[in-house]
Structure formats: structure tokens, C-alpha cells
Q: 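Handing you a structure now.
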Amino acid sequence: MSVIKSFFGKIGEKDVYLYKIDSPDGAFVEILDFGCRVKQIVVPDRYGNLANTVLGCDTPQGYFESGNEYFGAVVGRYANRIRNGRYTDATGTHQLIQNEGRNHIHGGKEGFHNMMWNCTKTTEDTVTFEAVQPDGCSGFPGNLDLVLTYRFYKNENNYLLEMVITGKSDKDTLFSPTNHSYFNLNTVQDDVSDHNLTIFADKYMPLDDETMPFGEISAVDGYMDFRTPKSIIGTIKTAYAAEFTEITSKNGFDHNYVIKNEDKNMAKIAILESSESGRKMEVYSNAPGVQLYTGNHLKPIYKGICLEPQYFPDSVNYTHDSRFAPYPFLKAGEVGIFKVTYKFSLQ
């Protein structure tokens, strides 16, 4: 394994660099210092052919095009949505930027995904980045010190990409990041129509017309149930045929599934499989939930799907309801830690 640094392009006067974690057998991962984005994850299919399994762009400017903003990026301080961009903690009420209608999503335009990160260390199979998000950025209190490490390596016949990010603030704040990669495990197909999905959750959060949870946590049933492997696009199509508005009103899935994991240990939360390529991806995380987003606004639609481990959307406004615990409050001086591992193998 080795890490190779190369020039990727410019954003204004700032240079953007690409870090390639290379395996001797040809598999590799590419990470950008802009948004700590995963640009490529190249692993073999059942025939030994190498191909990329995530959506990315060929230039830095591509990530500013509509629909591409979160490709492969780390997002935060708060992944997902906060109603009215407002929350209250022991220090008072905080108003965040409202960047999706009246609500807040993914840290705002100054979120982690649009920050330039500084590479501070590499080893033969890791790249570490650091950044400071200043007090008041997008309305969040506290200077937040961030350290993020990606590791890519082979274990037996499996390829693993690990992401670990820590945050430490000088004021009470929120810390709920995630990785926003769009996965497509095919070698040749343009969408994920042949993909089957498993999510190890028996509950999910229904949504209102603003794609916000509204205080309900429901048992998965029918179209919402992925406890056994099921076609993603096939499920969407049958939901349309049945006029199941929980899915059709969002043009697909954009839902949080309840994993819980209150002890914050690593747990397997989902499996994504492609019958065309034979690739299989298992997702592990220490987060209490996972957001399933099926690329409902991509062009072409459904060309990649997101499995975003995270705290529950808008959970900061449901502290009175233990079903929404644990909560993403980070006390001043304490260290928050988020972990996710993507394990690639063959069926």
C-alpha cells in the first residue's frame, strides 16, 4: 500500500490536492482535501475487473454543479435536517442558517463539505486531515477542531475503507457528521436497478411534506421494510403503483432508519449488493441511525444511493422523547467521535 499526492485543480486561488491510497493489486481509493471527499473507490467485480463504485467529479468545479454538492463529502456539523434551523440547549436557543426552505440541512453552505482541509499525516494506508470550523459558522456555537482519518486496506479477500472523525469545541455545540458518498456497485449499468439492499432496523421515521420527521417512529412494514434483501428500485416502482405516498411524495427514499446503538460501538447496519457486478458492500458504524437516500434528484435518477450513518434528523428538538436518543450534543472540551467502515467483497 502507498499514498500518492497529486494536484487536482483550483477553487479560486486555492489549490486542491488528491490523495490516492493505492493497493499493489490495483484497487485504490482517492480522497480530496476539498470537503474530504471520497472521489473514487475502485475495487474488482466478480470477473476481476476494476471499476469505481462511488459518484465523483473530474474537476473541483464539478462539485458545485446542482446535484453534485455532497458527492463523497464529509458533511456537518449536523448531517440531515433541523426544523426551522433552530434548537435549544442548556446555553440558550441557537438559530442556524436556513438553507432548505425554512429548515437547516447538512451544515449549510459553509459546512464541512465546502471546507478546505489540511493533510497533516500519511502512512502507507492512511490519510489524515485537520480543520477548524470557527465559532458562529452557519450559526453553530464554538470553535470546532476536527481531525479526520481515512484508511484503505485489504483483509483476506475484502477491501475496507474506514473513516474516523473527531470533533472538540470550546463551547457546547452539535456534532453529527456523516459521509455522503453515492454508491453504485455496478461495472457497466448507469443506475442501481439491479441492487438489493438490507438494513438492520425494524423502525424508521415517517416524514412530512418538508422531508422532516414529525415525532413519529414507526415499525417498518411493506415498502419500508429492508430487514431481508430487497430490490431498491423495484420497491420504489411498486410503491408508485400502489400510490404509497410515503415514498412517492419524495420521489424515492429519503428516510432515517433506527439502528439505536446507544453504546456507540461499531455495528453492521446495512448491506448493498449488485447482481450485475457481484460486488457486495457492508456498512458498519457507531451511529444510532442511517439515512437511506436513493438519489431522487440526480440526473439520471437513481444513479447512486446514499447510506448515511448519523444521529436522527431533528433529534435536537425531541429531547423530551427518549425514542430519539442518543442526542448529538457535544459539551465544551469533550471529544465527539464518528466512525464508519465500508467493507467490499464479492457475493
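Keep in mind that the numbers below use all heavy atoms, side chains included, and drop hydrogens, waters and symmetry copies. Positions are given from 1, in the same order as the sequence printed here.
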Q: Can you tell me if E30 and Q40 form a side-chain donor-acceptor pair at under 3.5 Å?
A: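 Indeed, the side chains of E30 and Q40 share at least one donor-acceptor pair under 3.5 Å.
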Q: Hydrogens and angles aside, do E124 and Y153 bring a side-chain donor and acceptor to less than 3.5 Å of each other?
A: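 Side-chain D/A pair, E124 to Y153: absent.
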Q: Out of curiosity, F129 CZ to M116 CE, how far, rounded to the nearest 0.5 Å?
A: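 Rounded to the nearest 0.5 Å, the CZ-CE separation comes to 9.5 Å.
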Q: Just jot down the ring-ring contact (aromatic ring centres under 6.0 Å, His included) partners of F140, sequence neighbours excluded, or say none.
A: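 Here the qualifying residues are H104.
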Q: Roughly how far, to the nearest 0.5 Å, is the CG atom of D145 from the OG atom of S169?
A: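 The distance works out to 8.0 Å.
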Q: List the residues meeting side-chain contact (heavy atoms from CB on, under 4.5 Å) with R86, not counting sequence neighbours, and say none if there are none.
A: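 Scan of R86 (side-chain contact (heavy atoms from CB on, under 4.5 Å), adjacent residues dropped) gives N84, T93, Q95.
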Q: Determine whether the side chains of Y159 and D25 contain a donor N or O and an acceptor N or O closer than 3.5 Å.
A: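 Judged by distance alone, the side chains do pair up.
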Q: Say you draw a straight line from CG of D125 to CD1 of I21; how long is it, rounded to the nearest 0.5 Å?
A: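 Here the rounded value is 7.0 Å.
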Q: Sub-3.5 Å donor-acceptor pair from the side chain of K109 to the main-chain atoms of S138, do we have one?
A: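 No.
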Q: As a quick check of understanding, evaluate salt bridge (charged side-chain N to carboxylate O under 4.0 Å, His left out) for K303 and D191, giving each step before the final call.
A: CA-CA 4 Å; K303 68 177 180 179; D191 62 27; over 6 Å; no
Q: Could I get the full list of side-chain hydrogen bond (donor to acceptor under 3.5 Å, both in side chains) partners for E276, not counting sequence neighbours?
A: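 With sequence neighbours excluded, E276 shows a side-chain hydrogen bond (donor to acceptor under 3.5 Å, both in side chains) to no residue whatsoever.
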Q: With no hydrogens and no angle check, do the side chains of N317 and D314 hold a donor and an acceptor under 3.5 Å apart?
A: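 Indeed, the side chains of N317 and D314 share at least one donor-acceptor pair under 3.5 Å.
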Q: Just jot down the side-chain contact (heavy atoms from CB on, under 4.5 Å) partners of E65, sequence neighbours excluded, or say none.
A: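 With neighbours one apart ignored, the set is N68.
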Q: Please determine, by modelled atom types, if Y78 and S315 share a side-chain donor-acceptor pair under 3.5 angstrom.
A: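 There is such a pair (donor and acceptor under 3.5 Å, judged by atom type) between the side chains of Y78 and S315.
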Q: List for me each residue that meets ring-ring contact (aromatic ring centres under 6.0 Å, His included) alongside F226, sequence neighbours excluded, and say none if there are none.
A: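 ring-ring contact (aromatic ring centres under 6.0 Å, His included) list for F226, sorted by chain: F253.
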Q: Between Y240 and N251, does any side-chain donor sit less than 3.5 Å from a side-chain acceptor?
A: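 Side chains of Y240 and N251: pair found under 3.5 Å.
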Q: Can you name the residues that form a salt bridge (Lys or Arg N to Asp or Glu O under 4.0 Å) with K331, not counting sequence neighbours?
A: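 K331 satisfies salt bridge (Lys or Arg N to Asp or Glu O under 4.0 Å) with D172 only.
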Q: Are Y311 and F324 connected into the same hydrophobic cluster when the rule is that any two of I, L, V, M, F, W, Y join if their side-chain heavy atoms are below 4.5 Å apart?
A: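 The answer is no; the residues belong to distinct hydrophobic clusters.
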